[in-house]
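Following: one structure in structure tokens, then a few remarks.
For this chain, numbers begin at 1 and follow the sequence in order.
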Amino acid sequence: MLSTAQNLIRQAGRKLGLDDETIEKVISSNAEHIFEVSLKDGRSFPAYRVQHNNKRGPYKGGIRFHPEVDLDEVRALATLMSFKTAAVGLPFGGGKGGVSVDPRQLNKEELEHISREYVRHLQPHIGPDKDVPAPDVNTNPAIIDWMVDEYQVLTGDKSGASFTGKSLEHGGSLGRDAATGRGGVIVLGQYLKRHKTDRPLTYAVQGYGNVGSFFAALAAGIHPNWQLVAASDSQTALYNPDGLAAEELAQFKAAGGRFSNYEGDKLQKLTNEDLLELDIDVLVLAALGDAVNKSNVGHIKAKYIVEMANGPVSDEALETLEQAGVVVLPDILANAGGVIVSYLEWVQNKNNEHWHLQKVNDQLKDYLVKATDEIIDLAKKHKVPLKQAAIMKGLLALS
């Protein structure tokens with residue numbers, strides 16, 4: 001992942017005519033914090049926080065708890081966050097953190113202890129105007145609330161702006177849960193508007209979790225001429241050429257249901273791989289990295305791909321798709337809704353405000369429409385695909 005991100009940046013930099021020294025300076029991280037967090041029973045776990053670039057403002061990026069977290073992954077994600085915040089015009093830099101632990105093996109007390117230990121180690125290096133972490137894989141508002149509380153105990157800061165992704169009762173923002181999925185709908189809608197494409201579309205969602213289900217449910221209300229025809233969880237894909245009910249599927253999954261047990265008229269059950277190869281207009285990738293790769297890219301029939309996961313299209317596959325004329329809406333634009341609303345939460349905390357949902361959603365849309373337009377224009381100017389244009393926009397802001 002790290003070499004892939006760095007290669008994309010180098011390619012974009014050369015297109016812009018930047019010299020190697022400037023490019024390498026942007027690629028390198030400002031600071032790396034490598035330490036261990038320990039439980040009372042003596043078990044300890046590697047922990048990281050990489051602060052990549054703060055030229056535009058405080059470092060920003062999630063904290064993940066996962067047994068496969070390592071330094072290279074955190075470096076890559078911190079780098080991409082710098083480019084994501086720059087690409088959508090936020091006054092933030094990029095950072096990322098993590099603990100190499102399986103939270104499923106911890107009880108609630110141990111999970112809280114690890115969360116607070118993480119903050120105790122990093123306290124001198126983070127804060128509302130230094131580095132503002134957020135939840136990521138296997139972390140959530142409850143964990144962030146513990147971290148905010150620990151930071152307040154250590155520093156006396158009562159703003160809550162030290163972290164974003166908090167629960168509503170502890171200063172979180174309305175609209176955060178839906179923000180990433182909503183952002184993807186806004187970006188796709190704006191791209192189609194710019195290209196005067198308003199005909200009915202069929203689409204499939206790979207990965208009907210939080211992001212994928214919000215994308216589909218919101219699209220049903222905002223763009224009723226987009227028809228959801230397929231959706232998948234980790235085991236099973238559902239396909240109905242006459243359409244699926246997005247909200248019904250979301251409620252089924254929220255109740256703990258598995259698509260393998262879902263029933264309906266004209267419903268076909270497929271594999272995740274089958275879903276990728278359906279003859280549809282739009283493929284929304286909201287599951288895993290490298291979902292579309294060199295082994296299956298030749299079977300992709302969609303005309304548009306929306307990268308809602310991080311890196312769901314491999315480098316080799318991306319090149320093949322571009323040559324075939326498939327439009328790929330890149331992850332650092334399409335899934336930026338979450339970090340935008342995190343920024344809006346930070347602003348609310350700093351100003352001791354709590355905005356109504358419509359204001360949050362309106363500002364989210366403003367940021368993403370502007371960023372989408374700018375990246376489309378940059379792609380046309382330099383005759384490059386949108387992915388490269390998004391990286392170029394980040395480079396111009398960071399170099």
Is it true that M392 and I23 fall in one hydrophobic cluster, defined by side-chain heavy atoms closer than 4.5 Å?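 Yes.
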
Are [X] and [Y] close enough for a salt bridge, meaning some N to O gap below 4.0 Å?
X: E374; Y: K370; result: yes
X: D233; Y: R258; result: no
X: D149; Y: R116; result: yes
X: K387; Y: D315; result: no
X: R10; Y: E24; result: yes
X: K303; Y: D281; result: yes

Can you confirm if the NZ or CZ of K269 lies within 45° of the ring axis of F259 and under 6.0 Å from the centre of its six-membered ring?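 Output no; distance or angle outside limits.
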
Under 3.5 Å, is there a donor-acceptor pair linking the side chains of [X] and [Y]?
X: N54; Y: N30; value: yes
X: E248; Y: Y262; value: yes
X: E307; Y: N335; value: no
X: E277; Y: N296; value: no
X: Q51; Y: H33; value: yes
X: T139; Y: D136; value: no
X: K60; Y: T164; value: yes

For [X], I'd like to know if atom [atom1] has over 12 heavy atoms of other residues, nucleotides or ligands within 6.0 Å.
X: R104; atom1: CZ; value: no
X: E68; atom1: CD; value: no
X: K301; atom1: NZ; value: yes
X: Q235; atom1: CD; value: yes
X: L288; atom1: CG; value: no
X: E109; atom1: CD; value: no

Would you call the rings of F35 and Y118 parallel, tilted or perpendicular if under 30° counts as parallel and over 60° as perpendicular?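 The rings of F35 and Y118 sit tilted, inter-plane angle from 30° to 60°.
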
Heavy atoms only: give me the nearest T85-S82 pair and the separation to one decimal.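 Between these two residues, the closest heavy atoms are OG1-O, 3.1 Å.
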
Which atom of F65 lies closest to which atom of S115, heavy atoms considered: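 Looks like CE1-OG, 3.8 Å.
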
As an exercise, state the distance from [atom1] of [X] to [atom2] of [Y], rounded to the nearest 0.5 Å.
X: H299; Y: D274; atom1: NE2; atom2: CG; answer: 11.0 Å
X: Q268; Y: L275; atom1: CD; atom2: CG; answer: 12.0 Å
X: I114; Y: E112; atom1: CD1; atom2: CD; answer: 11.5 Å
X: L168; Y: H354; atom1: CG; atom2: NE2; answer: 5.5 Å
X: I27; Y: N53; atom1: CD1; atom2: CG; answer: 11.5 Å
X: I375; Y: L333; atom1: CD1; atom2: CG; answer: 4.5 Å

What pairs with K266 under side chain to side chain donor-acceptor pair (under 3.5 Å), at least two apart in sequence or on another chain?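 For K266, the residues satisfying side chain to side chain donor-acceptor pair (under 3.5 Å) (neighbours in sequence not counted) are D242.
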
Check step by step if side chain to side chain contact (heavy atoms under 4.5 Å, CB included) holds for I63 and F163. CA-CA 10 Å; I63 299 166; F163 292 76; 4.1 Å; yes

With a 4.5 Å limit on heavy-atom distance, are the side chains of [X] and [Y] in contact?
X: H125; Y: D131; answer: no
X: L364; Y: R182; answer: yes
X: Q190; Y: D373; answer: yes
X: R14; Y: D20; answer: yes

Using salt bridge (Lys or Arg N to Asp or Glu O under 4.0 Å), reason through K359 and D362 one step at a time and then give a plain yes or no. CA-CA 5 Å; K359 181 173 181 178; D362 287 347; over 6 Å; no

Hey, mind stepping through E345 and K166 against side chain to side chain contact (heavy atoms under 4.5 Å, CB included) and telling me if it holds? CA-CA 9 Å; E345 177 182 331; K166 302 176 289 293; 2.6 Å; yes

Could you walk me through whether L329 and L386 satisfy the side chain to side chain contact (heavy atoms under 4.5 Å, CB included) test, starting with their C-alpha distance in whole Å, then the side-chain angles of each, then the deciding distance to 0.1 Å, before giving a yes or no? CA-CA 6 Å; L329 295 172; L386 292 172; 3.5 Å; yes

